[in-house]
Amino acid sequence: MSNYPVNTAAMQNSDTDLIYSSPKTQVKDFAFDAQVVEVFPDMISRSVPGYNTIIDTIGKLSQRFVQDNSQVYDLGCSLGAATLAMRKGITAANSRIIAIDNSTVMVERCKMHIQAFKGDTPVEVIEGNIQEVVIENASMVVLNFTLQFIDKSERQALINNIAKGIKPGGLLVISEKISDSDSTIDEHLIDLHHNFKRANGYSELEVAQKRTALENVMRTDSTEQHIERLSAAGFSHISPWFQCFNFISFIAIK
């Protein structure tokens with residue numbers, strides 16, 4: 001039994017994540033489709049410990065790191081939470097945010113979210129493959145729970161491309177679910193995360209089916225692998241700044 005308080009209120013709204021609440025004869029691979037878009041804010045808040053802290057801090061980091069006359073990238077922007085946080089925090093003159101996602105329905109909804117909030121920093125929302133984007137004149141780049149969906153063999157090339165396009169003193173923020181290199185610790189972290197999800201109203205069935213759906217599409221790295229990759233790309237200062245269970249966020253400064 002979990003000692004977390006159960007968030008029963010989260011189960012009473014029409015936009016509640018119920019995607020895996022009924023038994024499925026075959027659990028399909030997870031995809032950022034229209035069904036997920038409708039419940040995404042509820043899904044991520046009930047599934048990712050510390051998500052709001054990560055988003056809020058990305059906004060504060062944008063105030064510190066975004067330089068005048070530069071570009072900011074939100075790679076895998078989903079509904080634009082990090083984009084909105086950065087736009088709120090940016091004080092630099094003549095900067096702009098480029099938000100990119102490969103899901104058509106995510107991009108459409110993201111544009112609506114961006115338009116609903118006023119801000120001085122212009123935002124361009126693009127549907128596209130982040131691996132094909134040329135990063136240019138960037139003072140800040142965000143990969144918020146995005147790299148884990150990229151094929152492992154292609155991750156170094158993506159990080160290299162980002163590093164190449166970041167200005168000196170620029171910042172990369174990477175938030176990810178991780179696997180611990182110690183299998184015993186990894187098992188405990190997974191169990192703690194599952195308890196977190198149960199405490200937020202997910203049933204055993206939902207936890208199990210969601211895990212099956214993600215098995216073939218989300219491949220996690222260890223903390224050491226992330227740091228080695230960032231170092232190889234040329235970042236000079238690298239550190240985890242946040243971790244809760246098997247969820248972590250890194251800052252990497254060029």
Side-chain angles (χ1 to χ4, degrees), residues 15 32-34 36-45 47-48 50-150 158-159 161-162 165-167 170-177 241-242 247 249-253:
D15 57 355
F32 292 98
D33 55 19
V36 168
V37 167
E38 290 301 321
V39 300
F40 189 71
D42 179 67
M43 175 186 287
I44 201 161
S45 67
S47 302
V48 180
Y51 181 75
N52 288 336
T53 297
I54 292 171
I55 293 297
D56 290 344
T57 303
I58 285 172
K60 291 178 174 64
L61 289 169
S62 71
Q63 184 176 8
R64 178 174 298 190
F65 281 93
V66 176
Q67 304 171 24
D68 293 345
N69 307 306
S70 70
Q71 300 194 129
V72 178
Y73 292 83
D74 185 1
L75 303 178
C77 62
S78 62
L79 298 183
T83 291
L84 287 169
M86 289 190 289
R87 188 170 69 171
K88 184 178 179 181
I90 290 172
T91 57
N94 195 32
S95 60
R96 70 166 185 150
I97 302 172
I98 302 171
I100 305 165
D101 202 285
N102 65 358
S103 167
T104 300
V105 286
M106 279 287 187
V107 168
E108 291 174 353
R109 190 64 60 89
C110 181
K111 288 179 178 179
M112 294 172 60
H113 285 181
I114 300 302
Q115 292 169 1
F117 294 91
K118 294 181 180 180
D120 296 328
T121 303
V123 176
E124 182 180 7
V125 182
I126 300 171
E127 180 182 346
N129 184 346
I130 64 171
Q131 295 172 262
E132 298 175 355
V133 174
V134 178
I135 306 297
E136 297 178 309
N137 191 36
S139 57
M140 183 169 177
V141 177
V142 170
L143 277 169
N144 211 31
F145 303 105
T146 300
L147 191 65
Q148 60 200 22
F149 293 104
I150 302 294
L158 174 58
I159 299 302
N161 179 49
I162 293 170
I166 288 185
K167 297 162 63 70
L171 175 71
L172 170 61
V173 179
I174 297 182
S175 307
E176 290 278 286
K177 186 177 183 181
W241 68 268
F242 174 90
F247 289 81
S249 189
F250 301 88
I251 52 173
I253 304 170

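Both backbone and side-chain heavy atoms feed into the values below; hydrogens, waters and symmetry mates do not. Here the structure is a predicted model, which is why all the values come from computation and not from measurement.
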Nearest heavy-atom neighbours spanning [X] and [Y]:
| X | Y | answer |
| --- | --- | --- |
| Val125 | Lys111 | O-CE, 3.5 Å |
| Leu171 | Ile166 | O-CD1, 4.0 Å |
| Phe32 | Phe40 | CE2-CE1, 3.9 Å |
| Val123 | Arg87 | CG2-CD, 3.7 Å |
| Asp101 | Cys77 | OD2-N, 3.4 Å |
| Ser139 | Val72 | OG-CG2, 4.4 Å |

- Could you check Met106 against Leu79 for side-chain contact (heavy atoms from CB on, under 4.5 Å), going step by step and ending with a plain yes or no? CA-CA 6 Å; Met106 279 287 187; Leu79 298 183; 3.5 Å; yes
- Item | Set of residues satisfying salt bridge (Lys or Arg N to Asp or Glu O under 4.0 Å) with respect to Glu136, sequence neighbours excluded |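 Applying salt bridge (Lys or Arg N to Asp or Glu O under 4.0 Å) to Glu136 gives none.
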Measuring from atom [atom1] of [X] to atom [atom2] of [Y], what distance do you get when rounded to the nearest 0.5 angstrom?
| X | Y | atom1 | atom2 | result |
| --- | --- | --- | --- | --- |
| Met140 | Asp74 | CE | CG | 9.0 Å |
| Arg96 | Thr121 | CZ | OG1 | 12.0 Å |
| Phe145 | Tyr51 | CZ | OH | 7.5 Å |
| Asn129 | Asn102 | CG | CG | 6.5 Å |
| His113 | Thr83 | NE2 | OG1 | 12.0 Å |
| Thr53 | Phe242 | OG1 | CZ | 5.5 Å |

- Task: State whether the number of non-hydrogen atoms from other residues, nucleotides or ligands found under 6.0 Å of Lys88 atom NZ is greater than 12.
- Result: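 12 or below, so no.
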- Message: With a 6.0 Å cut-off (strictly less than), is the heavy-atom count around CZ of Phe117, excluding the residue itself, greater than 12?
- Response: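 Atom CZ in Phe117 is not packed in, count stays at 12 or less.
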- Message: Test side-chain contact (heavy atoms from CB on, under 4.5 Å) on Asn137 and Lys167; report intermediate values, then the result.
- Response: CA-CA 6 Å; Asn137 191 36; Lys167 297 162 63 70; 3.2 Å; yes
- For the side chain of Gln148 and the backbone of Lys177, is there at least one donor-acceptor N/O pair under 3.5 Å apart?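 Yes, because the side chain of Gln148 sits within donor-acceptor range (under 3.5 Å) of the backbone of Lys177.
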- Task: List the steps and the verdict of side-chain contact (heavy atoms from CB on, under 4.5 Å) for Val173 and Ile54.
- Result: CA-CA 10 Å; Val173 179; Ile54 292 171; 5.7 Å; no
With side chains defined as the heavy atoms from C-beta onward, is the minimum distance between [X] and [Y] less than 4.5 Å?
| X | Y | result |
| --- | --- | --- |
| Ile159 | Leu143 | yes |
| Asn144 | Ile55 | yes |
| Val66 | Met86 | no |

- Query: Does Asp68 have any side chain to side chain contact (heavy atoms under 4.5 Å, CB included) partners at least two apart in sequence or in another chain, and if so, which?
  - Reply: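 Only Ala92, Ala93 meet the side chain to side chain contact (heavy atoms under 4.5 Å, CB included) criterion with Asp68.
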- Task: Carefully, step by step, assess Ile126 and Val107 under the rule side-chain contact (heavy atoms from CB on, under 4.5 Å).
- Result: CA-CA 7 Å; Ile126 300 171; Val107 168; over 6 Å; no
- Give the intermediate values and the outcome of side-chain hydrogen bond (donor to acceptor under 3.5 Å, both in side chains) for residues Glu127 and Thr104. CA-CA 6 Å; Glu127 180 182 346; Thr104 300; 2.6 Å; yes
- With Tyr73, the side chain to side chain contact (heavy atoms under 4.5 Å, CB included) member among Val133, Leu172, Val142: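 Passing option: Val133.
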